[in-house]
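Any value given below was found using the heavy atoms of this structure, including those in side chains, with hydrogens, waters and symmetry copies removed.
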4 protein chains.
Amino acid sequence: MSIAHKNKSDVILYAALKQFSENGFHSSPVSQLATRSGVAVGSIYRYFDDKEALIHAVFSMVDDTLQKTITESADPTLSGRDEFIQLVTSLTEYLNKHPQEFKFLEQYYSSPYGSDKKHAKFLSDDSVDLSNPFVNLFSGKTKGMLKDLPLSLYLAMTFGPIIFLLRDSLSGLVTLDDCLIQQTAEACWNAIKA
Amino acid sequence: MSIAHKNKSDVILYAALKQFSENGFHSSPVSQLATRSGVAVGSIYRYFDDKEALIHAVFSMVDDTLQKTITESADPTLSGRDEFIQLVTSLTEYLNKHPQEFKFLEQYYSSPYGSDKKHAKFLSDDSVDLSNPFVNLFSGKTKGMLKDLPLSLYLAMTFGPIIFLLRDSLSGLVTLDDCLIQQTAEACWNAIKA
Amino acid sequence: MSIAHKNKSDVILYAALKQFSENGFHSSPVSQLATRSGVAVGSIYRYFDDKEALIHAVFSMVDDTLQKTITESADPTLSGRDEFIQLVTSLTEYLNKHPQEFKFLEQYYSSPYGSDKKHAKFLSDDSVDLSNPFVNLFSGKTKGMLKDLPLSLYLAMTFGPIIFLLRDSLSGLVTLDDCLIQQTAEACWNAIKA
Amino acid sequence: MSIAHKNKSDVILYAALKQFSENGFHSSPVSQLATRSGVAVGSIYRYFDDKEALIHAVFSMVDDTLQKTITESADPTLSGRDEFIQLVTSLTEYLNKHPQEFKFLEQYYSSPYGSDKKHAKFLSDDSVDLSNPFVNLFSGKTKGMLKDLPLSLYLAMTFGPIIFLLRDSLSGLVTLDDCLIQQTAEACWNAIKA
DNA sequence: GATGAATGAGACTTCATTCAT
DNA sequence: AATGAATGAAGTCTCATTCAT
């Protein structure tokens, strides 16, 4: 099915993701979103209550895909260490290959729009959410393999470096290749392993 | 020297820092900056070319102070490990006690305004800048004490977790006390030590 | 004949009367009229040229019914005074029991839409229209019973108080019961009787 | 003092009164109000929070002047009947000479904006407001001179006919000259006198 | 005949910037 | 130097109307 036959609301969502990640929310007038979507301004308001609703909808789309990606990469047959490395690697690779999604998420979480959600499930400290593969991992299989630290620190030592490197990668300061990703994942593990 | 006698441009800068960190660039009309500064709108334009110039000036002010703070906390008499711990601790404590500055920097770097500067000196990968105490440390005293990794990864393993925790702290998800800061600094070291 | 089998254009007219009287012309988007009518937006445009035509059509419907009601209540066997009282009472009771119609008329006449028609037949000074029972009454049977005043003043002393009270009734400032209606009709008569 | 030197907010208020009375609230875009005021759109928002606030401000201006006019025309030395005639005459003459004010008030009270105030003091049933010369009159001097009717009916018999005639006058259906005004005032009195 | 998605003109409002005082 | 009233471009959103299905 060609893009021309896609759901119009999906067309708008993708165009908005592009526009937002390139220009930011405030430099993305609805008129421009409309142009990029190939629809009229009014049509956007048929699918989304207002600009804010559109932003949240883009977030949901991005977040859902990210979650599915990571969840699918979790391999319970691996050792605790190897599953950790695997998860970190998958997450980093995905975001590195999807810079628009990464930029959007960064912007969303640091904006008033995302302050509710605080952190996305995969980037967050929502410690009760066992559906998060990372939280699940830290709460289960790795017991005894890790230093005794608060969950929030496990998460900070995992996501913090990744996010930092992804930013540098976007800025062109760093080339985030497989080797560097591997090194990063191992360093993260070393930071928290017993 | 009381605030009343300060340079008028400094008064504006401080008021702008407050306003920007609390409300964001786009919810900070110049008229409001003027009110909070206790000056007229027109006066802001005497000291700064336009709103964007003011934003960059606030950044310079914040960045300068941050640099000075960290540079002053560097203690060459300590061992490589201890100096690292010391630097990380100082930086984290400073930003934790100055949430306005942290919020401003976060916002600045994720905005079009800060995309030029890429990363502030202390949060960055500007690898040639030996005046940055971290770069200086990784390039000198710690030689041989660390795994052989790219500088950018050293920096990512240092700043990434801090920034992540500071965000969580601001969101109220985590209490960033001395103990957690100490644990974090040590974990960072473990991540990169040989 | 149930409402479901009514003429589609009548269904639209009734829904529009409701909507207009409750929300006013400008807070009644055609889409909402469609929803309340249970028809599609496009269908409204099959029966009415545009929104303005619909408004005029609602007026005609309301005005026709009102005329018929009053005309039917005229009783030529009564004395001039009693027929006057009877007409005033009927008109007031009808409008008091049909607040939607009254609200609509008020709105219509005070809007650009109704400025053409000036005044509805029953509320007007259309002095040549003998089909209007009031005009008919003032021009015939009551000759000699009334002070010598212009017809427009007869009409003003008749309809003015009624309209005023109906407004107050709608506002909840007054309870327009049978007693008050009777008192009003008599006061109107006293105002103009010889 | 020429109009050019008037308070700018007054200039806007007068232009708005004109525009609203001629075209109605909904056919008076702020851009047109600005043009007629000879100011930029933005300037209107310096003086009034939004269009609604402007509408209310126009009402206050009109209502204040009307109140003052009527209050000043009250003559306590006259008999109850003569003071009543005097008040009715003054009110009618004032509104007849100020059709813009009359149109505005009609529109205001029949709009959502004026539904709070229900009725203006001089056109209303606010029965406790003795500062209203009419209410004051009906509650005092005329005791015993009037039929025993509810205050709301006194008011309806007073204002109803006037408003009706003023509408007809605006429509050109009637010429509201001194003679007709006098006849009306007397008919009103006859309607309620004992 | 009926439908309702699509359109885009136009309304309201904000706010960076200017400039006469 | 300081002031703040004035400006108008630009943004968000609504809704009457059209037209392909």
Side-chain angles (χ1 to χ4, degrees), chain A residues 7-9 11-12 25-35 37-55, chain B residues 7-9 11-12 25-35 37-55, chain C residues 7-9 11-12 25-35 37-55, chain D residues 7-9 11-12 25-35 37-55:
Chain A
N7 212 338
K8 185 163 290 197
S9 90
V11 173
I12 295 170
F25 299 141
H26 289 286
S27 302
S28 298
V30 176
S31 60
Q32 210 162 135
L33 296 172
T35 304
S37 307
V39 304
V41 175
S43 297
I44 292 186
Y45 288 89
R46 166 168 291 280
Y47 294 98
F48 306 96
D49 280 349
D50 51 21
K51 191 178 175 182
E52 183 171 339
L54 172 58
I55 291 173
Chain B
N7 215 337
K8 186 169 284 197
S9 88
V11 173
I12 295 169
F25 298 141
H26 289 284
S27 301
S28 297
V30 177
S31 61
Q32 209 162 136
L33 297 172
T35 303
S37 306
V39 305
V41 176
S43 298
I44 290 184
Y45 284 87
R46 174 160 299 281
Y47 294 99
F48 306 96
D49 280 351
D50 54 20
K51 191 179 175 180
E52 186 172 337
L54 173 57
I55 291 172
Chain C
N7 215 337
K8 187 170 284 197
S9 89
V11 173
I12 295 170
F25 298 142
H26 289 283
S27 300
S28 297
V30 177
S31 61
Q32 211 161 134
L33 297 172
T35 304
S37 307
V39 306
V41 176
S43 298
I44 290 184
Y45 284 87
R46 173 161 298 281
Y47 294 98
F48 305 96
D49 281 350
D50 52 21
K51 191 180 176 180
E52 185 172 337
L54 172 58
I55 291 172
Chain D
N7 213 339
K8 185 164 288 197
S9 89
V11 173
I12 296 169
F25 298 141
H26 289 286
S27 301
S28 298
V30 177
S31 61
Q32 210 163 134
L33 297 172
T35 304
S37 307
V39 304
V41 175
S43 297
I44 291 185
Y45 287 88
R46 166 169 292 280
Y47 294 99
F48 306 97
D49 281 349
D50 51 21
K51 191 180 175 180
E52 183 172 339
L54 172 58
I55 291 171

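The CG atom of A:L33 sits 8 Å away from the P atom of F:dT12 (whole-angstrom rounding). Rounded to whole Å, atom P of F:dA16 lies 14 Å from atom CZ of A:R46. Rounded to a whole Å, the CG atom of C:D50 is 14 Å from the C1' atom of F:dC15. To the nearest angstrom, P of F:dA10 lies 16 Å from NZ of B:K51. Taking atom NZ on B:K8 and atom P on F:dA2, their separation rounds to 4 Å, with Å as the unit. F:dT14 atom C1' lies 14 Å from atom CD1 of A:I44, rounded to whole Å.
When DNA chain E is scanned 5' to 3' for any atom under 4.0 Å from a heavy atom of chain C, the first and last hits are E:dG1 to E:dG4.
Listed pair B:Y47 / F:dA2 meets the phosphate criterion, a side-chain N or O lying under 4.0 Å from OP1 or OP2. In terms of phosphate contacts, B:S43 brings a side-chain nitrogen or oxygen within less than 4.0 Å of OP1 or OP2 of F:dT3.
At the heavy-atom level, B:V41 lies under 4.0 Å from base atoms of the strands shown.
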### Query
Under a cut-off of 3.5 Å for both distances of each Watson-Crick or G-U pair, what dot-bracket string does DNA chain F give, using [ ] for crossing pairs and | for inter-strand pairs?
.||||||||||||||||||||
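B:S43 pairs by the side chain to side chain donor-acceptor pair (under 3.5 Å) definition with nothing, not counting sequence neighbours.
Within a 6.0 Å radius of CG in C:D49, other residues, nucleotides and ligands contribute 12 heavy atoms or fewer.
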